[in-house]
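The next block holds one structure in the form of structure tokens; read it before the comments.
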Amino acid sequence: MSEARVAAAPPALRPNVPLGVVVAMSCLALFMVVLDATIVTVALPDMRTGLSLSTGQQQWVVSGYLVTLGGFLLLAARAGDLYGHKRVFLFGAFLFTLASLVGGLAPGGAVLIGSRIAQGAGAAALAPTSLSLITATHTDAKERERALSLWSMMSGVAGLIGVVLGGVLTAELSWRWVFFVNVPVGIVLLAVGARLVLPPALAAESRLDLVGALCVTLGIGALTYGLSEASTESWGSPSVVLPLIAAVVLLAAFLVAEARSPHPLIPLDLVRPRNLRIANLLMFCLGVTLTALLFFLSLYCQQVLGYSALRTGMAMLPITLIFIVGGLTSRKLISVVGPRPLLVAGGLIATAGIVWLSTISTDSTYLTHILGPNLVGGFGISLMLLAVTISGTVGVEPKNAGAASGLLNTSRQIGGAVGLAVLVNIASTVTTHAADRGRLDALVQGYRAAFLVNGGLMLVAGLAALALSSAGTSAAEKGHEAPGGH
């Protein structure tokens with residue numbers, strides 16, 4: 001990097017720090033956040049055996065992380081805008097690392113789920129600030145585009161690598177290492193972030209909407225819990241009805257709190273642009289797909305095909321390559337055609353792959369029924385990740401950059417938590433009705449139903465992208481010159 005380039009670096013960095021270091025640190029943080037949403041998936045059977053987890057506890061090892069991650073993202077993003085992205089980033093790295101250590105040492109299900117909830121809170125601080133550190137330090141449009149493409153590609157690849165790494169660690173060491181692996185990474189993030197990034201001055205008005213944050217987090221948790229209980233209880237059961245009522249009340253209270261708060265998590269003017277609303281809908285759909293696809297595929301491989309944890313993880317390995325290919329393809333095409341065509345094409349391609357996946361049976365072959373459809377679906381999803389991020393951040397006021405990125409990440413994690421609960425409910429219902437066909441065939445029927453619904457959701461996402469305004473796509477085509485990172 002030239003001296004002129006270093007001199008032009010914004011004051012968020014210490015002198016002579018290459019921007020590549022910030023990109024690497026931000027991508028590593030996001031990698032760890034997304035990784036932990038999926039790395040436990042393959043290890044769940046071993047966790048259940050080792051800690052005598054109930055079915056509900058097993059699901060909440062996944063859901064507890066996603067609920068707190070999605071619920072506190074808005075608060076963490078706003079805190080980054082007010083107190084500085086570095087401070088929130090370092091807090092998140094510390095909490096995430098400590099919770100990972102506790103999770104690896106957990107003696108029982110309660111401590112394990114508690115550590116996952118704490119991990120989610122730490123991840124909520126890391127995810128939006130990792131993006132905001134990039135947008136705050138990259139003033140050149142082309143450099144920002146390259147950095148965002150790497151950040152977005154890391155998001156897709158990390159989820160799939162989590163399944164692979166989870167299988168390897170579980171088989172070769174133990175399920176506890178899916179948590180221990182985060183500790184050295186967290187230490188690196190703490191050391192590098194503390195040394196290279198300058199802390200900004202405190203904002204004049206440094207208040208947080210804690211009421212809003214608690215309402216939305218508890219509301220999402222209640223909604224997810226109620227939906228998950230519906231998979232084993234009737235819809236009229238108190239364990240289903242009461243959490244769903246509580247969710248409605250809490251989420252309504254969140255909306256009231258945001259309308260009345262002088263310092264809302266989401267400023268009202270932020271949610272008015274049509275492109276941002278559509279981008280969040282698309283991110284919600286992607287969150288459902290990325291979480292549920294890996295969850296059900298992992299269970300199918302182990303429970304129906306009899307794969308070991310290691311073989312299940314390795315079966316996913318080629319899929320990570322297609323995410324890299326799709327991410328690179330998206331980066332090259334987006335400056336030529338803009339994000340809208342990539343989102344439409346990606347949604348349709350992903351739909352085709354997931355619907356193909358719904359043809360699984362009790363004796364499916366790997367090449368035809370697992371690898372093939374996942375390569376197609378994975379390519380479609382990877383085309384969308386960068387495009388949806390750009391569509392949701394282009395044109396955002398600099399003061400709201402953290403809130404906008406937090407909202408996008410929130411949509412993804414809420415999609416993962418709520419979508420997984422809904423699809424598990426659908427799969428369980430179909431499995432129960434098909435019980436007379438035998439256990440394995442009933443399981444397959446449930447998984448097929450979940451994949452079909454998931455495919456339909458991606459079709460909706462692809463068609464919804466047609467509603468993106470040309471103004472937003474034009475800004476992206478011109479190099480993302482709209483404000484939002486400086």
Side-chain angles (χ1 to χ4, degrees), residues 37-38 41 44 54-64 66-67 70 220-237 239-241 243-244 247-248 281 284-305 347 350-362 364 369-370 373-374 377 381 411-462 464:
T38 60
T41 304
L44 284 174
S54 66
T55 302
Q57 287 177 316
Q58 188 178 25
Q59 179 177 343
W60 272 92
V61 171
V62 177
S63 297
L66 295 177
V67 166
I220 294 168
L223 176 63
T224 304
Y225 180 79
L227 292 172
S228 64
E229 283 293 293
S231 64
T232 55
E233 304 288 339
S234 68
W235 282 97
S237 169
S239 63
V240 176
V241 174
L244 294 181
V248 172
L281 171 63
F284 181 94
C285 295
L286 286 170
V288 176
T289 299
L290 287 169
T291 302
L293 190 65
L294 297 177
F295 181 86
F296 285 110
L297 191 59
S298 175
L299 292 181
Y300 169 70
C301 287
Q302 294 186 73
Q303 294 183 348
V304 178
L305 299 184
T351 299
I354 298 171
V355 171
W356 181 4
L357 189 59
S358 70
T359 63
I360 55 172
S361 65
T362 56
S364 294
H369 296 95
I370 298 178
N374 276 281
I381 294 168
S411 296
R412 175 170 176 168
Q413 304 311 325
I414 291 176
V418 176
L420 180 61
V422 171
L423 292 177
V424 165
N425 184 281
I426 291 172
S428 298
T429 301
V430 173
T431 298
T432 300
H433 287 141
D436 57 335
R437 301 186 180 185
R439 176 179 173 275
L440 292 184
D441 192 59
L443 286 173
V444 168
Q445 295 301 317
Y447 298 152
R448 291 178 68 174
F451 288 139
L452 274 175
V453 174
N454 204 348
L457 189 64
M458 289 310 298
L459 177 60
V460 170

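On a predicted model such as this, the values are computed, not experimentally measured, just so you know. Count residues from 1 along the sequence.
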Heavy-atom closest contact (Pro373 atom, Leu357 atom, distance) | CB-N, 3.7 Å
For Val424 and Phe295, what are the C-alpha separation, side-chain angles and deciding distance, and is it a side chain to side chain contact (heavy atoms under 4.5 Å, CB included)?
-> CA-CA 10 Å; Val424 165; Phe295 181 86; 3.9 Å; yes
Apply side-chain contact (heavy atoms from CB on, under 4.5 Å) to Thr431 and list each qualifying residue two or more places apart in sequence or on a separate chain.
-> Ala442, Leu443
In residues 447-462, what donor-acceptor pairs under 3.5 Å come from side-chain atoms, sequence neighbours left out?
{"unit_1": "Tyr447", "atom_1": "OH", "unit_2": "Gln303", "atom_2": "OE1", "d": "2.7"}
{"unit_1": "Arg448", "atom_1": "NE", "unit_2": "Ser358", "atom_2": "O", "d": "2.7"}
{"unit_1": "Asn454", "atom_1": "OD1", "unit_2": "Thr289", "atom_2": "OG1", "d": "2.9"}

Calculate, to the nearest 0.5 Å, the distance between atoms CG and CG belonging to Leu286 and Leu281 respectively.
-> 9.5 Å
Give the minimum heavy-atom separation between Ser361 and Tyr300, together with the two atoms involved.
-> O-OH, 2.6 Å
State, to 0.1 Å, how close Val288 and Gly415 come at their nearest heavy-atom pair, and which atoms those are.
-> CG2-O, 3.1 Å
Please identify each residue that fulfils side-chain contact (heavy atoms from CB on, under 4.5 Å) with Ser298, with sequence neighbours left out.
-> Thr41, Val42, Gln302, Thr312
Calculate, to the nearest 0.5 Å, the distance between atoms CG and CD1 belonging to Leu290 and Ile381 respectively.
-> 5.0 Å
Among all residues two or more places apart in sequence or in another chain, which pass the side-chain contact (heavy atoms from CB on, under 4.5 Å) test with Pro243?
-> Tyr225
Val304 side chain near Ile360 side chain, heavy-atom distance below 4.5 Å = no
Rounded to the nearest 0.5 Å, how far apart are OG1 of Thr362 and CD of Gln445?
-> 9.5 Å
Thr359 meets the side-chain hydrogen bond (donor to acceptor under 3.5 Å, both in side chains) criterion, sequence neighbours left out, with none
Decide yes or no for Asn374 and Trp356: does some side-chain heavy atom of the first lie under 4.5 Å from some side-chain heavy atom of the second?
-> no
Which residues pass the side-chain contact (heavy atoms from CB on, under 4.5 Å) test with Leu244, sequence neighbours left out?
-> Leu223, Leu227, Trp235, Val240
